[in-house]
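Take a look at the structure set out below.
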2 protein chains.
Amino acid sequence: MASVGKMDAQAMRAHNAQRLLRAVRKLGTVSRAELARATRLSPPTVSALVERLLDAGLLEEKGEGASNGGRKPVLLGFNASCGIVIGANIGTNAIQLAAADMNGRILKKHSLEIIKDTRPRPLLRRLATAAQKALRDFPHTPLLAVAVGAPGMTDVARGIVIEAANLEGWTDVNVEAILSEQLGAPVIVDNDVNLAALGEQWCGRARGVHNFVFIWMDAGIGAGIVIEDRLHRGHRWHAGEISHINVDFREWNVDFGAAGYLEFYAGAVPKSRPTRAPRLNASSLGDENVLRLGAAVANIATILDPELIIFGGRLAASSPDLLPRVREVASRIVPNCPEMILTELGEEAALMGSVRLALERANESLYESLGQRVQVK
Amino acid sequence: MASVGKMDAQAMRAHNAQRLLRAVRKLGTVSRAELARATRLSPPTVSALVERLLDAGLLEEKGEGASNGGRKPVLLGFNASCGIVIGANIGTNAIQLAAADMNGRILKKHSLEIIKDTRPRPLLRRLATAAQKALRDFPHTPLLAVAVGAPGMTDVARGIVIEAANLEGWTDVNVEAILSEQLGAPVIVDNDVNLAALGEQWCGRARGVHNFVFIWMDAGIGAGIVIEDRLHRGHRWHAGEISHINVDFREWNVDFGAAGYLEFYAGAVPKSRPTRAPRLNASSLGDENVLRLGAAVANIATILDPELIIFGGRLAASSPDLLPRVREVASRIVPNCPEMILTELGEEAALMGSVRLALERANESLYESLGQRVQVK
């Protein structure tokens, strides 16, 4: 009891407010009496906290419930409009952007073609301008967090894109610093395929799946790895750089460049024939490249033993035959071949993941700030 | 406060006893006054709990501390002899066994040659007999947990060895049921290479490393994968079955059997030449097989981006040249080649890991049982 006794009234109030808000969000629409039962807080404590959370705009009244004989109780719910988040994904062809409320409901979506200038500052300025424009429709709603996906290796802790080979001049770009200054909110940056995995788990085909791999097959080839519900990003943020998987040991000494072995042979824009048009049809892959992909996927499967492998990107989506062929090859190589399916979110997987990541960050801020919000004036 | 208020005195006492015992084990040797400060429990609460933990044999007096003017305080410490654990590893050539106290100090070590009969029941009976013999020297110390490593795929949740190809008749063997009946203590079973990784992190070269891979190269080739300090065992307990890594896609359709591609070519007892003597010298591997190993290790590195790869097993240890050669090949293939080193624990890595796993299980029991142990009589 000693440590509890030492918590001062203010810290206790913040702690109780967190419990209360979590309970409301879990239960949906709820009366004060139900809240007291759910949180095991006393009815007077609940009433006092509810008043403050209503004043702070975090709760709102949602009509009346059924009477138990006496007065009908006022029902309460979370006010999802108490904050807004922005998710964005920087692709090689477009910047996608979405604004969502605190329940993750998408309020606006927007796509910007990347016409010419992919250098960091101009590109991020366009992104920030588009975000500000999207926010103009919600002038009274605070922006709580921004999350951005980038097509390259990303130091998530420091908010830096280490290298994005398909964008011009993207080496050690501090996206967090640039965007948070322009947008005045916390900014997180992550690799786009990591975000696609997150998106797929949030609202795609990996719902309820704790261990899976998302493989992106487009101009670039990469993977997002989810282990026990968490993205595995690796010791130097390189995890999932599967394009470097080698399935022909005799070519160990060949320099495939930053793109790596798989992109060189089997990317949608293969480095082995850079002058040709992108392969938007998997049937033009050629049998050898299907074997290469199958062997690479087999290697991923036998190292990680995921429950599921989800494929996305133009190449993966271009032909219904590709996945069965890849899986046939992989299942000859390894005994534990997992289920393989196409993304449900298509080109929006990474965008949805960025919204999800922004929501996580926004919720952290929200719960941290509760202490101030429920102080007695 | 409501939920705390509802905790009854007994639950509170158990909770406080856990805090106290953890504090003693963290601090080493400590006075009652220091314990009160460290736990923020009141001095009378500390005194009462200490008496009960002394009676229960979990604490012991360790002499007197320096005086602060008054009476010299009696110092207290954890009684590591309050329980004993057994770790064992079933190899293809021997069963290793160790008994340790609750601080992980090894009290006894023993190795049994596997002479002929590797069938589950006879082998496990020998293991149990050896364990009982080791325990005879500690007749008053309760056996709190047993952990066993097995050279095969293991369902850790159910305590079953699914398949151990190098032992006779080891398919779906319920090691947990057989041994816990014979030894009267909780039994955990895990793959031997997983345990080697655990051992290396406990007292070998992966101390303080949170993300690493332990690669075992012997008759079998396998890996233990540690991600964020936890073993990654995979969706169907197959994770780390790296012998199935294929680095020659043109051989996708060749049946390498349960042993897999790498063991077939590059194991210490290669399936590609089963009549010859085991390779106990890596120089007999041949250049192509070094390339195969290098490419496989590169694939592991680019998928997982570990901080460190540790190698163990007779083949890995047989030549100081092997690791540098493997690393040279791997670092040509992937840009993010991690450090590669030999195990510090040699043939005992898995044994140490089994002791570590048994200790974790024993500590769970210990802390769970505190409630009963500190009850007022």
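So that the names make sense, note that chain A is the first sequence line, chain B the second, and so on, each numbered from 1.
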Structural part of [X] lying under 4.5 Å from a heavy atom of chain A:
| X | value |
| --- | --- |
| B/His238 | both |
| B/Asn211 | side chain |
| B/Arg250 | side chain |
| B/Ile300 | both |

Test item: A/Ile303 and B/Ile303 side chains (from C-beta on) under 4.5 Å apart, heavy atoms: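 Answer yes - side chains close enough.
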Side-chain heavy-atom pair A/Val24, A/Leu35 within 4.5 angstrom cut-off: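 Yes; the side chains approach each other to less than 4.5 Å.
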Between A/Arg13 and A/Asn16, a side-chain donor and acceptor under 3.5 Å: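 Not at all, the side chains of A/Arg13 and A/Asn16 share no donor-acceptor pair under 3.5 Å.
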Contact winner vs chain B - A/Ser243, A/Ala295, A/Pro335, A/Gly294, heavy-atom pairs under 4.5 Å: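 Result: the option with the highest number of such pairs is A/Pro335.
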B/Arg332 and A/Asp255 ion-paired at < 4.0 Å: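 Judged by the 4.0 Å cut-off on N to carboxylate O distance, B/Arg332 and A/Asp255 do not form a salt bridge.
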A/Asp190 bridged to A/Arg233 by N-O distance under 4.0 Å: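 Yes, A/Asp190 and A/Arg233 are salt-bridged.
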Chain B contact via A/Ile225 - which portion, at a heavy-atom distance below 4.5 Å: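 Only the side chain of A/Ile225 comes within 4.5 Å of chain B.
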Residue A/Phe212 versus chain B: region with a heavy atom under 4.5 Å: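 Neither part, no heavy atoms under 4.5 Å.
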